Amino acid sequence: MGDAVNKTERDVVIIGSGPAGLTAAVYAARANLSPLLIEGASAGGQLMITTDVDNFPGFPEGVQGPDLILQMRQQAERFDTDFLTGDVTEVDLSQRPFRIVVDDETTYHAKTLIICSGARAKLLGLPAESKMMGNGVSACATCDGFFFREKEVFVVGGGDTAVEEAIFLTRFASKVTLIHRRDTLRASKILQDRALAHPKMDFLWDTTVKDITADESGRVAGLVLENLKTGEISKPKADGIFIAIGHSPNTALFKGQLQLDDAAYIVTKAKSTLTSVPGVFAAGDVQDTYYRQAITAAGTGCMAAIDVEKFLEEEGV
Ligand code: NAP
């Protein structure tokens with residue numbers, strides 16, 4: 001980290017270091033705006049917990065999520081981006097320059113702000129789930145799959161994440177059962193085909209998790225499941241359960257300061273990254289309830305930097 005990161009008055013501050021934030025940094029830096037990118041204690045966003053990314057253009061053989069982030073970061077570093085590792089603990093968007101506090105101690109002032117704080121995994125909301133998190137319950141197969149060698153695991157969800165995680169887990173587990181609340185998957189056809197044909201995979205349709213049971217050491221030992229069509233309760237043994245039921249946006253800091261939608265995603269004006277506060281822009285998953293891809297996050301990150309450039313130009317900066 002260079003000394004430049006100590007400069008607390010900035011033309012543009014970027015919050016978040018996934019593909020949206022890093023792309024915004026590349027574009028803002030190349031527009032001579034010397035952006036400060038605050039990358040959060042767990043930097044890199046959701047690609048850091050993704051394995052094979054086969055749909056990001058420019059990587060004909062595919063790329064691992066963390067490698068893709070590393071390459072984007074190196075590209076942003078090649079230009080004039082200052083990186084700061086820390087969590088934004090407070091923002092004040094009521095007047096400009098905006099006030100941004102990092103780790104409760106350092107305050108930055110920014111003429112413009114690009115929010116790329118992303119989204120995080122949702123949980124089922126069962127008391128047992130948070131109690132046994134890390135003890136057989138996980139929301140990240142790529143982080144924890146290794147610990148389930150030759151074990152029987154379950155994955156909850158029917159989207160791309162659930163199916164991708166389930167396929168990934170077959171590398172370790174002896175059996176992977178996908179539990180889905182409906183009888184058709186939401187995941188892309190190619191992932192569905194791969195999962196449905198996989199010899200280690202099994203499927204429980206129209207099923208929800210009512211409870212997770214523990215052994216005497218507090219580790220996951222079994223599940224209580226309900227078939228939503230028949231009402232039948234089953235209690236399979238389980239070594240682990242992975243929750244993959246979607247995401248919530250990281251917008252708690254902006255509540256009451258920016259317009260958010262019913263699911264707490266930042267509302268942006270059509271075909272732009274403009275938010276309800278002039279000078280504040282949002283890109284990536286924090287404002288996207290529909291596409292939610294690495295490539296669309298990167299695309300909106302680019303848009304945000306261009307929007308900032310135009311905004312500052314109009315102000316004569
Ligand atoms: P998602 O598409 O929103 O799917 C969430 C899944 O969880 C759905 O099947 C949903 O069921 C189920 N679900 C939600 N709440 C539930 C609850 N309380 N109990 C039980 N099940 C519940 O989320 P995602 O799979 O995380 O994907 C998010 C986005 O990222 C998508 O746009 C996806 O395409 C993208 N993505 C892409 C890739 C890739 O291309 N390689 C990989 C991962 C993610 P219903 O189907 O009944 O609603």
Side-chain angles (χ1 to χ4, degrees), residues 18-20 44-69 116 118-130 137-143 145 154-170 176-196 201 203-212 223-229 241-250 261-265 283-300:
Q46 293 176 70
L47 279 180
M48 296 303 283
I49 52 169
T50 302
T51 47
D52 307 302
V53 179
D54 285 329
N55 51 13
F56 202 93
F59 296 88
E61 304 303 323
V63 59
Q64 296 291 300
D67 290 342
L68 181 56
I69 285 294
C116 310
R120 65 180 178 287
K122 272 191 210 160
L123 296 177
L124 294 168
L126 301 168
E129 181 186 38
S130 32
V137 179
S138 171
C140 176
T142 46
C143 317
F154 291 75
V155 177
V156 187
D160 280 327
T161 304
V163 176
E164 197 175 69
E165 298 223 330
I167 294 170
F168 175 75
L169 286 165
T170 60
V176 179
T177 305
L178 191 87
I179 303 170
H180 184 34
R181 62 183 179 183
R182 294 185 297 125
D183 62 1
T184 49
L185 295 170
R186 182 184 291 277
S188 61
K189 182 80 171 64
I190 190 161
L191 278 176
Q192 286 195 34
D193 290 348
R194 230 183 274 168
L196 291 163
M201 281 198 61
F203 297 83
L204 288 172
W205 305 110
D206 302 306
T207 300
T208 55
V209 181
K210 303 280 286 179
D211 202 2
I212 306 166
L223 304 179
V224 181
L225 306 177
E226 180 182 2
N227 183 303
L228 293 170
K229 287 212 166 132
I241 176 166
F242 289 81
I243 317 295
I245 60 169
H247 296 84
S248 309
N250 296 318
D261 71 10
D262 291 345
Y265 284 82
D285 284 10
V286 75
Q287 53 83 56
D288 180 4
T289 54
Y290 186 73
Y291 298 104
R292 298 184 290 185
Q293 303 297 305
I295 187 68
T296 50
T300 52

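Order of listing sets the numbers, starting from 1, for every ligand and every atom in it. In what follows, residues are counted from 1 in the order of the sequence shown. Computed from a predicted model, the values in this text were never measured in an experiment.
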Visitor: How close does the nearest protein non-hydrogen atom get to atom 17 (C) of ligand 1, and which residue and atom is it?
Guide: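 Atom 17 (C) of ligand 1 sits closest to the protein heavy atom Arg181 NH1, 3.6 Å.
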
Visitor: Under 4.0 Å, heavy-atom basis, I'd like to know which part of His180 is in contact with ligand 1: side chain, backbone, both or neither.
Guide: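 Side chain only; the backbone of His180 stays clear of ligand 1.
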
Visitor: How far is atom 19 (N) of ligand 1 from its nearest protein heavy atom, and which residue and atom name does that atom have?
Guide: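 Of every protein heavy atom, Leu124 CD2, 3.6 Å lies nearest to atom 19 (N) of ligand 1.
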
Visitor: Under the rule for ring pair (Phe, Tyr, Trp, His ring centres under 6.0 Å), what residues qualify as partners of Phe168, not counting sequence neighbours?
Guide: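 With neighbours one apart ignored, the set is Phe172.
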
Visitor: Any idea which heavy atoms bring Leu178 and Ala166 closest together, and the distance?
Guide: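 Looking at all heavy atoms of both residues, the shortest contact is CD1-CB, 4.0 Å.
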
Visitor: Could you pull out all residues at least two apart from Phe203 that satisfy ring pair (Phe, Tyr, Trp, His ring centres under 6.0 Å)?
Guide: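 Ring pair (Phe, Tyr, Trp, His ring centres under 6.0 Å) list for Phe203, sorted by chain: Trp205.
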
Visitor: Report yes if the side chains of Val224 and Val209 come closer than 4.5 Å at any heavy-atom pair, otherwise no.
Guide: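 Heavy-atom side-chain distance check fails, nothing below 4.5 Å.
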
Visitor: Which residue holds the protein heavy atom closest to atom 38 (C) of ligand 1, what is that atom called, and what is the gap in Å?
Guide: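 Going atom by atom, the protein heavy atom closest to atom 38 (C) of ligand 1 ends up being Asp160 CB, 3.7 Å.
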
Visitor: Within the structure, does Val156 bring an N/O atom to less than 3.5 angstrom of an N/O atom in ligand 1?
Guide: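 It does not: no N or O of Val156 is found under 3.5 Å from an N or O of ligand 1.
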
Visitor: Among Glu164, Arg292, Gln46, which one puts a heavy atom closest to atom 29 (C) of ligand 1?
Guide: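 Going through Glu164, Arg292, Gln46 one by one, Arg292 has the nearest heavy atom to atom 29 (C) of ligand 1.
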
Visitor: Decide whether the shortest distance between a heavy atom of Gln293 and an atom of ligand 1 is less than 4.0 Å.
Guide: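 It does, in that a heavy atom of Gln293 comes within the 4.0 Å cut-off of ligand 1.
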
Visitor: Side chains of Ser188 and Asp160: do they bring a donor and an acceptor to under 3.5 Å?
Guide: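 The answer is yes; a qualifying pair exists.
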
Visitor: Is the closest heavy-atom distance from Asn55 to ligand 1 below 4.0 Å?
Guide: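 Asn55: in contact with ligand 1 (<4.0 Å).
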
Visitor: Assess whether a salt bridge exists between Asp285 and Arg292, defined as any Lys/Arg side-chain N lying under 4.0 Å from an Asp/Glu carboxylate O.
Guide: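 No, Asp285 and Arg292 are not salt-bridged.
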
